[in-house]
Amino acid sequence: MQALPPVEERASPNRDARPEGAPIDTIVLHYTGMASGAAALARLCDPAAEVSAHYLIERDGRILRLVPEDERAWHAGRSYWAGAERLNDRSIGIELVNPGHAHGLAPFPEPQLAALMALLRAILARWPIPPARLLGHSDVAYERKLDPGERFPWERLARAGLALWPGRARARPPDPAEAERALVAIGYRPPGDAGSRQRALAAFQRRFRPWRVDGRLDAETMGLLEEVAVLSNGGRGSI
Ligand SMILES: [Zn+2]
């Protein structure tokens, strides 16, 4: 297990106080989606951009702290998880330098992932955040966001006890009503219409079946949905 590398302080002005009494119980992972780490850092510290994150992790594994964890960083935007809006209130946001979908989805390099896992362990020692609440931006804002993207190794984080992973689920006959119940039981915002349902399914696949992200409810996706719904609720019985 790697020790936490030194964290560089680079204060961003894009922050404010968390609401009184807000729990810190969620982590949201992002990719920067920009050409370079320097460009992303400049934007995350630009008052005009009005965006930030608590941490930025460079591709070589350097960790920069932009906002202290007990303050609110502005990373998730309009967002929802498990009945709560505005995930910025209660989450810690981590940006991973990666060019993203617009630039061909580069893999996440080993030093960056090692730094992320060490940082996650340090955060989890400070705050009671369950594996089911380590989320991607695309989970909490599936109508707008694709990050950290299907190349992010969620399965590896799950093997380290940091995230949820369904393992091998049984294929099930697709049932749209059951699928929607499972999505909502996992935490996704209830889809509003057919397009929104497809985007929610794509977000789920991007996270739990990254080898095929097509937004279609097939038998494998149906099986995975039911499996993750049970895992998300602590393995307690049916959804
Ligand atoms: Zn993001």
Side-chain angles (χ1 to χ4, degrees), residues 10 12-16 18 24-59 63-67 69 71-82 84-109 112-113 115-117 119-120 123 129 132-154 157 162-164 186-189 196 199-200 202-208 210 213 215:
R10 295 291 290 271
S12 167
N14 300 332
R15 65 171 82 179
D16 56 8
R18 292 185 187 271
I24 298 177
D25 63 2
T26 308
I27 297 172
V28 180
L29 301 183
H30 306 258
Y31 65 48
T32 51
M34 296 182 70
S36 72
L41 179 61
R43 179 168 157 77
L44 292 166
C45 293
D46 175 2
E50 298 188 333
V51 293
S52 63
H54 293 89
Y55 297 97
L56 175 71
I57 306 183
E58 299 272 5
R59 296 179 70 74
I63 302 175
L64 282 62
R65 177 171 19 234
L66 314 182
V67 176
E69 289 172 4
E71 292 184 54
R72 181 167 61 182
W74 304 342
H75 54 99
R78 180 172 144 73
S79 51
Y80 173 101
W81 193 253
E85 307 272 352
R86 295 181 310 277
L87 270 290
N88 284 344
D89 290 356
R90 61 198 299 154
S91 67
I92 292 172
I94 302 176
E95 286 276 0
L96 300 162
V97 173
N98 183 293
H101 285 84
H103 308 273
L105 266 189
F108 294 87
Q112 188 179 38
L113 290 172
L116 170 64
M117 293 206 285
L119 176 61
L120 288 173
I123 293 171
I129 301 174
R133 297 194 69 102
L134 177 64
L135 304 170
H137 198 185
S138 56
D139 293 319
V140 302
Y142 65 76
E143 295 287 6
R144 307 181 291 118
K145 295 293 175 178
L146 303 176
D147 61 314
E150 54 271 33
R151 295 196 73 162
F152 184 79
W154 288 104
L157 265 66
L162 299 166
L164 226 56
I186 293 164
Y188 291 93
R189 186 191 293 276
S196 157
R199 287 187 288 278
F204 173 83
Q205 292 168 336
R206 184 164 279 117
R207 177 68 195 280
F208 296 106
V213 181

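Counting convention: from 1, in listed order, for ligands and their atoms alike.
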- Task: Please name all residues satisfying ring-ring contact (aromatic ring centres under 6.0 Å, His included) with Y142, sequence neighbours left out, ordered by chain then number.
- Result: none
- Task: Give a yes or no on whether the backbone of G215 and the side-chain of Q205 come within a donor-acceptor separation of less than 3.5 Å.
- Result: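 Yes; at least one donor-acceptor contact below 3.5 Å.
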- Query: When you measure from the side chain of N88 to the backbone N and O of A76, does any donor-acceptor pair fall under 3.5 Å?
  - Reply: yes
- Residues which pass side-chain hydrogen bond (donor to acceptor under 3.5 Å, both in side chains) with E71, listed by chain and number, not counting sequence neighbours: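 In terms of side-chain hydrogen bond (donor to acceptor under 3.5 Å, both in side chains), with neighbours along the sequence ignored, E71 is linked to R15.
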- Task: Any pair with a residue in residues 31-51 that passes side chain to side chain donor-acceptor pair (under 3.5 Å), sequence neighbours left out, goes on the list, sorted by first then second residue, please.
- Result: Y31-H101
- Item | Atoms named by residue and atom, protein N, O or S, within reach of the Zn ion (ligand 1) (under 2.8 Å) | H30 ND1, H137 ND1, D147 OD2
- Are side-chain N/O atoms of S91 and H75 paired as donor and acceptor at under 3.5 Å?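 H75 and S91 do have a side-chain donor-acceptor pair below 3.5 Å.
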